[in-house]
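The structure appears right after this line, and notes come after that.
Labels below follow one simple rule: chain letters A, B, ... track the order of the sequence lines, proteins then strands, and each chain is numbered from 1. Note that the coordinates shown come from a computational prediction; the quantities given were computed from them, not determined experimentally.
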There are 2 protein chains.
Amino acid sequence: MNEIFDLLFKKVNEKVSLSEAEQEICKSFFIYKKIRKRQYLLQESEVCKYTAFVVKGSLRLYTVNEKGAEHVLQFALEGWIIADLYSFITGEPSSYNIDALEDTEVLLLSKSAQEEMVQLVPAIQQYYYLLMQNAYVALQRRMTIAISQTADEKYNNLLATYPEIIQRVPQHMIASYLGFKPETLSRIRRKNL
Amino acid sequence: MNEIFDLLFKKVNEKVSLSEAEQEICKSFFIYKKIRKRQYLLQESEVCKYTAFVVKGSLRLYTVNEKGAEHVLQFALEGWIIADLYSFITGEPSSYNIDALEDTEVLLLSKSAQEEMVQLVPAIQQYYYLLMQNAYVALQRRMTIAISQTADEKYNNLLATYPEIIQRVPQHMIASYLGFKPETLSRIRRKNL
DNA sequence: GCGTTTTCTTGACAAATGTCAATGCTTTTT
DNA sequence: AAAAAGCATTGACATTTGTCAAGAAAACGC
């Protein structure tokens with residue numbers, strides 16, 4: 001079962017070059033885990049101890065407010081990484097939840113494991129820096145859309161940028177991710193036929 | 001005029017430790033620049049060649065859409081860094097503008113200068129990584145607010161988190177930053193007296 | 001200081017989005 | 001296969017936010 005790491009190193013090698021030996025070292029730091037649909041990877045008030053690289057399946061990061069309303073902050077499909085970075089960095093309890101939208105397989109990496117790995121394989125530090133940069137740029141783009149576009153435009157933008165999310169994620173979660181209500185999304189879809 | 005670098009190294013030393021010698025090396029890579037109020041640091045369709053550390057004054061990063069409407073994506077006060085990171089990284093023309101809200105002083109750092117500096121002073125790499133992480137976490141928090149709160153809540157949140165922005169930035173820019181119209185902000189302020 | 005420009009406020013009205021409730025359709029569970 | 005739970009759609013109506021236009025206040029430039 002070594003193809004578990006195939007996608008991970010494919011992604012890593014798009015940004016930096018790792019030798020076979022280095023790859024073997026890295027492998028030892030990850031924890032492979034299967035999660036069933038609807039199962040939590042992180043629950044509010046827990047500390048986020050791991051970042052999760054998605055090997056197969058999909059997950060969401062979301063908050064639940066006082067009134068019980070959920071707000072999806074991020075989705076993660078195959079090849080993406082998901083975590084509450086704030087809690088992961090600071091060690092403080094998370095105010096987010098992460099759960100699986102389908103049966104899912106992830107590679108977990110703790111903070112200490114990442115630090116050791118970076119010591120042994122310095123090139124991987126660069127990978128994480130670039131990853132962080134990309135994540136920031138992508139989030140900045142999403143923020144631009146959030147403050148400047150209508151519900152209709154936001155949806156069509158997502159459709160154009162990440163069609164796979166639209167296909168695989170329930171509509172009420174997509175509405176939540178975009179910042180409006182499921183009924184609004186339903187009406188947008190009807191209008192755009 | 002060496003106090004130009006005081007704030008920069010104060011910020012850096014909050015995260016990593018640099019010797020006097022290392023600090024001297026770093027200084028040589030920055031370009032000190034004064035900008036008058038309303039002057040551009042970056043204009044749409046130019047490549048963003050520098051990140052700018054704000055020594056004094058304030059700036060904004062914003063887009064202008066087809067209809068001429070401005071949308072402010074970021075403010076930067078003293079001690080903050082501002083740039084269109086996407087253009088900076090990729091070398092592609094920017095779709096953003098940066099201009100000064102007051103007479104402002106900045107320390108510019110080009111991509112190549114940053115790369116050389118990191119070679120000579122490796123600790124600074126760690127600083128930039130942590131900076132990136134913090135920026136991401138802050139933006140994620142802002143995104144959560146953007147998708148889950150009303151105009152009123154967004155404003156009060158900003159007021160609680162960054163009161164200095166509210167004090168120093170014109171209201172119509174704050175409204176733009178929060179994703180609604182100046183008239184709406186005006187009404188929120190009246191109601192909350 | 002004085003005129004000019006920019007910014008802020010207000011009101012009346014329009015448009016977008018939210019709320020609530022009912023219904024039918026899927027998917028999951030047993 | 002039946003029952004239950006979750007999800008999407010729709011309509012009527014409420015609320016929030018945007019638009020436009022006018023005037024007042026503040027900041028700026030000379």
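When rounded to the nearest whole Å, the span between CG of A/D152 and C1' of D/dT17 equals 17 Å. Atom CZ in A/R189 sits roughly 10 Å away from atom P in D/dT10 (whole-Å rounding). Taking atom CD1 of A/I166 as the reference point, atom C1' of D/dA8 lies 15 Å away to the nearest angstrom. Atom P of nucleotide D/dT9 and atom NZ of A/K191 are separated by 15 Å, given to the nearest angstrom. As a whole-Å value, the separation of B/R168 CZ from D/dA26 C1' is 19 Å. Taking atom CG of B/N192 as the reference point, atom C1' of C/dT9 lies 15 Å away to the nearest angstrom. Note: CD (A/E153) to C1' (C/dA15) measures 14 Å, nearest angstrom. Counting to the nearest Å, the P atom of D/dT19 and the NZ atom of B/K67 are 9 Å from each other.
Checking D/dT10, C/dT10, D/dA8 against every side-chain atom of A/R190, the shortest atom distance belongs to D/dT10. Across C/dT17, C/dT6, D/dT17, the shortest atom-to-atom separation from the side chain of B/T150 is found for D/dT17. Considering only the side chain of A/Q171, D/dT9 comes nearest among C/dT9, D/dT9, D/dT10.
Taking every heavy atom of residues 177-188 of chain B and every atom of DNA chain C, pairs under 4.0 Å involve B/E183, B/S186, B/R187, by number.
Looking at heavy atoms from C-beta onward, A/L7 lies in side-chain contact with A/E78 at the 4.5 angstrom threshold.
A sub-4.0 Å separation between OP1 or OP2 of C/dC8 and a side-chain N or O of B/H172 is present.
When the shell of 6.0 Å around CZ of A/R36 is examined, it contains 12 or fewer heavy atoms from other residues, nucleotides or ligands.
Positionally, the nearest nucleotide of DNA chain D for B/Q149 lies more toward the 5' end than for the other of B/K37 and B/Q149.
A donor atom on one side chain and an acceptor atom on the other are not found under 3.5 Å apart for A/Y129 and A/Q125. Of the N and O atoms on the side chains of B/E92 and B/Y86, at least one donor lies less than 3.5 Å from an acceptor on the other residue. Remark: the A/E105 side chain and the A/Y32 side chain contain an N/O donor-acceptor pair separated by less than 3.5 Å.
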**Prompt:** What's the verdict on salt bridge (Lys or Arg N to Asp or Glu O under 4.0 Å) for B/K56 and B/E102, showing C-alpha distance, side-chain angles and the deciding distance?
**Reply:** CA-CA 9 Å; B/K56 188 145 189 22; B/E102 314 167 273; over 6 Å; no
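With a 4.5 Å cut-off between side-chain heavy atoms of Ile, Leu, Val, Met, Phe, Trp and Tyr, the cluster of B/I174 takes in B/Y40, B/Y62, B/V64, B/V72, B/F75, B/L77, B/W80, B/L101, B/Y155, B/L158, B/L159, B/Y162, B/I165, B/I166, B/V169, B/M173, B/Y177, B/L178, B/F180, B/L185, B/I188.
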